[in-house]
Amino acid sequence: MQKGNVVEALAGKEKGQIFVIIDIKDNFVYLADGKRLLASKTKKKSLKHVRMFGSQSLTVEEVEDLNPRVNARIRKFLSQIKRS
């Protein structure tokens with residue numbers, strides 16, 4: 001797994017939802033969906049509680065962008081994945 005990949009939560013109240021990986025540290029990933037979980041306020045989840053969801057991903061540059069529009073980009077990207 002790497003920054004920008006799309007993952008599905010396997011446990012917790014987010015179970016079944018998809019997110020974009022914003023950061024990875026130790027055995028944890030920091031997730032955002034662009035709505036409730038913004039890129040600046042991520043959800044910390046253990047690697048064992050997420051799995052890869054498809055092969056599409058955002059680039060590292062898009063994820064690390066400090067522009068407030070990054071959340072809109074994440075929302076649009078995840079909605080396109082849900083439709084396909």
Side-chain angles (χ1 to χ4, degrees):
M1 288 188 204
Q2 60 186 10
K3 291 181 182 184
N5 284 1
V6 178
V7 295
E8 178 183 11
L10 300 176
K13 66 182 179 182
E14 297 88 9
K15 183 177 181 179
Q17 296 178 20
I18 60 172
F19 301 94
V20 172
I21 297 176
I22 301 299
D23 199 9
I24 301 174
K25 292 183 184 167
D26 300 326
N27 287 331
F28 295 96
V29 291
Y30 294 84
L31 308 172
D33 64 2
K35 291 181 185 177
R36 188 178 65 87
L37 299 172
L38 305 177
S40 59
K41 187 174 181 182
T42 57
K43 171 71 177 178
K44 179 180 177 183
K45 275 225 178 260
S46 173
L47 279 172
K48 65 183 179 180
H49 291 149
V50 296
R51 72 171 170 203
M52 291 294 294
F53 188 85
S55 60
Q56 296 178 328
S57 65
L58 288 171
T59 65
V60 175
E61 292 80 21
E62 289 175 311
V63 172
E64 292 178 344
D65 188 5
L66 298 178
N67 186 341
R69 301 273 312 147
V70 70
N71 292 309
R73 190 176 306 126
I74 291 171
R75 282 194 308 271
K76 184 176 181 180
F77 178 70
L78 290 177
S79 70
Q80 290 172 347
I81 290 176
K82 288 178 187 177
R83 280 189 244 138
S84 40

- Message: Assigning hydrophobic clusters by single linkage (Ile, Leu, Val, Met, Phe, Trp, Tyr; side-chain heavy-atom cutoff under 4.5 Å), is Val6 placed with Leu31?
- Response: no
- Does atom OH of Tyr30 have more than 12 heavy-atom neighbours from other groups under 6.0 Å away? yes
- Query: Do you know the tightest heavy-atom contact between Leu37 and Lys43?
  - Reply: CD1-CB, 3.5 Å
- Task: State the CZ-CG distance between Arg69 and Asn71, to the nearest 0.5 angstrom.
- Result: 9.5 Å
- Query: Roughly how far apart are Lys25 NZ and Leu47 CG, rounded to 0.5 Å?
  - Reply: 13.5 Å
- Message: For Ala9 versus Lys45, what's the shortest heavy-atom pair and its separation?
- Response: CB-CE, 4.0 Å
- So NZ of Lys44 and NE2 of His49: to nearest 0.5 Å the spacing works out to 13.0 Å
- Message: For the CG atom of Asn5 and the CE atom of Met52, what is their distance to the nearest 0.5 Å?
- Response: 3.5 Å
- Any side-chain heavy-atom pair of Val50 and Met1 under 4.5 Å: yes
- Asp26, CG: over 12 other non-hydrogen atoms inside 6.0 angstrom: no
- Query: Any side-chain heavy-atom pair from Val29 and Val7 closer than 4.5 angstrom?
  - Reply: no
- Hydrophobic cluster identity match, Ile21 and Phe77, side-chain contacts under 4.5 Å: no
- Message: Between Thr42 and Phe19, is there a side-chain heavy-atom distance shorter than 4.5 Å?
- Response: no
- Message: If you compare all heavy atoms of Ile74 against all heavy atoms of Gly34, which two are closest, and at what distance to 0.1 Å?
- Response: CG2-N, 3.9 Å
- Message: How long is the straight-line distance from CD1 of Ile24 back to NZ of Lys3, given to the nearest 0.5 Å?
- Response: 8.0 Å
- Closest approach of Val63 and Val20, non-hydrogen atoms and distance? CG2-CG1, 4.2 Å
- Message: Are the side chains of Glu14 and Arg36 in contact, using a 4.5 Å heavy-atom criterion?
- Response: yes
- Query: Does Glu62 reach the side chain of Val70, with side-chain heavy atoms less than 4.5 Å apart?
  - Reply: no
- Check whether any side-chain N or O of Lys48 sits under 3.5 Å from a backbone N or O of Asn27 as a donor-acceptor pair, and report yes or no. no
- Message: What's the separation between atom CG in Asp33 and atom CD1 in Ile22, rounded to the nearest 0.5 Å?
- Response: 9.5 Å
